[in-house]
Amino acid sequence: MNDTPRHATLRRRLAEQLYAKGIKNTKVLNAIANVPRHLFMSSTLEPFAYNDNAYPIGADQTISQPWTVAYQTELLNPQEGEKVLEIGTGSGYQSAVLACCGASVYSVERIRELSESAQKRLASLNYKVQCKYGDGYEGWVEMAPFDKIIVTAGASEIPQNLLMQCKIGGSIVIPVQEKSGLRMVRLARVSETNFSKEDFGTCAFVPMLKGIM
Ligand code: SAH
């Protein structure tokens, strides 16, 4: 499949819709207008690629809804050259959006077939993303520390390893299970031992599971 001017028009429209839904970060909107989402999905779903919905990508997983990708990226606010760790590569779409914002991206996926296909896809589209097949609960210790960490699956608790792999002054955006349900949370590492926490309300994600498969 190719990228065409028609796809580019659909992407610009999608970015406008996300702006109308409250996403204001220009870098994020530009990334949405630039990353060819249809090339991260099965060709049978191509007609839906620029709808603001999640779609299946195999192995019982989904490519996140564009609004969710944009919202998490806006909360993360990646800056040029920052080292960003993503947990849950999936299709690689979120990784590409982060790379398009200028981040140096490291992404971990626990399902081998998804990790391998995302890695090939990102390389063929020239996105500077390093992928690892492994359990995101462990982070990526060889590449740590990271300026920022983004988790794209719902965690039952905040993984200790991710806290330790975040630089002081850095932040983590993670959907995490609380008594009231799954919440979008942003943690900022203020010192060796202290993190501040902000809550951005309820959200929906596939679960973050332990171990590899
Ligand atoms: N960022 C992806 C979203 C994929 S859905 C995209 O843009 O397409 C979430 C992904 O997290 C799934 O692929 C799932 O397999 C993965 N995942 C769940 N638990 C994980 C873990 N412990 N480590 C790494 N990846 C995990």
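Owing to the predicted nature of the structure, the values given are computational and were not obtained by experimental measurement. Read the numbers this way: they start at 1 and go in the same order the structure lists the ligands and their atoms.
When heavy-atom distances to ligand 1 are checked against a 4.0 Å cut-off, Gln61 comes that close only through its side chain, counted from C-beta outward. Counting heavy atoms under 4.0 Å from ligand 1, residue Thr89 touches it through the backbone alone.
Of all protein heavy atoms, the one lying nearest to atom 13 (O) of ligand 1 is Glu109 OE1, 2.7 Å. Ranking protein heavy atoms by distance to atom 11 (O) of ligand 1, first place goes to Gly88 CA, 3.2 Å. Remark: minimum distance from atom 22 (N) of ligand 1 to any protein heavy atom is reached at Leu209 O, 2.6 Å. Among protein heavy atoms, atom 18 (C) of ligand 1 sits closest to Pro207 O, 3.6 Å. Residue, atom and distance of the protein heavy atom nearest to atom 23 (N) of ligand 1 are Gly136 N, 2.7 Å. Taking atom 20 (C) of ligand 1 as the reference point, the nearest protein heavy-atom neighbour is Arg110 CD, 3.2 Å. Of the protein's non-hydrogen atoms, Thr62 O, 3.2 Å is the one closest to atom 5 (S) of ligand 1. For atom 3 (C) of ligand 1, the closest non-hydrogen atom on the protein side is Ser64 OG, 3.5 Å.
Aromatic ring pairs are classed by plane angle as parallel below 30°, tilted from 30° to 60° and perpendicular above 60°; the pair Tyr127 and Phe40 is tilted.
With hydrogens and angles disregarded, no donor-acceptor distance shorter than 3.5 Å links the side chain of Arg183 to the backbone of Val176. The closest donor-acceptor contact from the side chain of Asp147 to the backbone of Gly170 lies at 3.5 Å or more, if one exists at all. With hydrogens and angles disregarded, no donor-acceptor distance shorter than 3.5 Å links the side chain of Glu46 to the backbone of Ser43.
Listed by atom number, the atoms of ligand 1 under 4.0 Å from Ile111 heavy atoms are 15 (O). The Glu86 neighbourhood of ligand 1 comprises atoms 1 (N), with distances under 4.0 Å to a heavy atom of that residue. Which parts of ligand 1 touch Gln94 is read off a 4.0 Å heavy-atom cut-off, strictly below it: atoms 1 (N), 7 (O). Residue Leu114 has at least one heavy-atom neighbour below 4.0 Å for each of these atoms of ligand 1: 13 (O). Residue-ligand proximity, Ser91 to ligand 1, at heavy-atom distances under 4.0 Å covers atoms 6 (C), 7 (O), 8 (O). Residue contact check: Val206 has heavy atoms under 4.0 Å from atoms 5 (S), 9 (C) of ligand 1. Those atoms of ligand 1 that come under 4.0 Å of a heavy atom in Gly90, given as number and element, are 4 (C), 13 (O). Each of the atoms 24 (C), 25 (N) of ligand 1 lies under 4.0 Å from some heavy atom of Val108.
Taken to the nearest 0.5 Å, the CG atom of Asn51 stands 10.5 Å off from the CD atom of Gln65. Put simply, NZ on Lys128 and OH on Tyr106 are 12.5 Å apart, with the number rounded to the nearest 0.5 Å. The distance from the OG1 atom of Thr26 to the CG atom of Asn30 is 6.5 Å, given to the nearest 0.5 Å. Separation of atoms CD1 (Ile150) and CD1 (Ile174) is listed at 10.5 Å; rounding is to 0.5 Å.
Residues Met208 and Ile111 are members of separate hydrophobic clusters, defined by side-chain heavy-atom contacts under 4.5 angstrom among Ile, Leu, Val, Met, Phe, Trp and Tyr.
Of the N and O atoms on the side chains of Gln177 and Ser156, not one donor lies less than 3.5 Å from an acceptor on the other residue. For Thr89 and Glu109, the side-chain atoms include no donor-acceptor pair closer than 3.5 Å.
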> Would Arg13 and Tyr50 satisfy side chain to side chain donor-acceptor pair (under 3.5 Å), going step by step from the backbone distance to the final call?
Replying inline: CA-CA 8 Å; Arg13 276 195 210 134; Tyr50 298 102; over 6 Å; no
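In terms of N/O distances under 3.5 Å, ligand 1 is not approached by Lys210.
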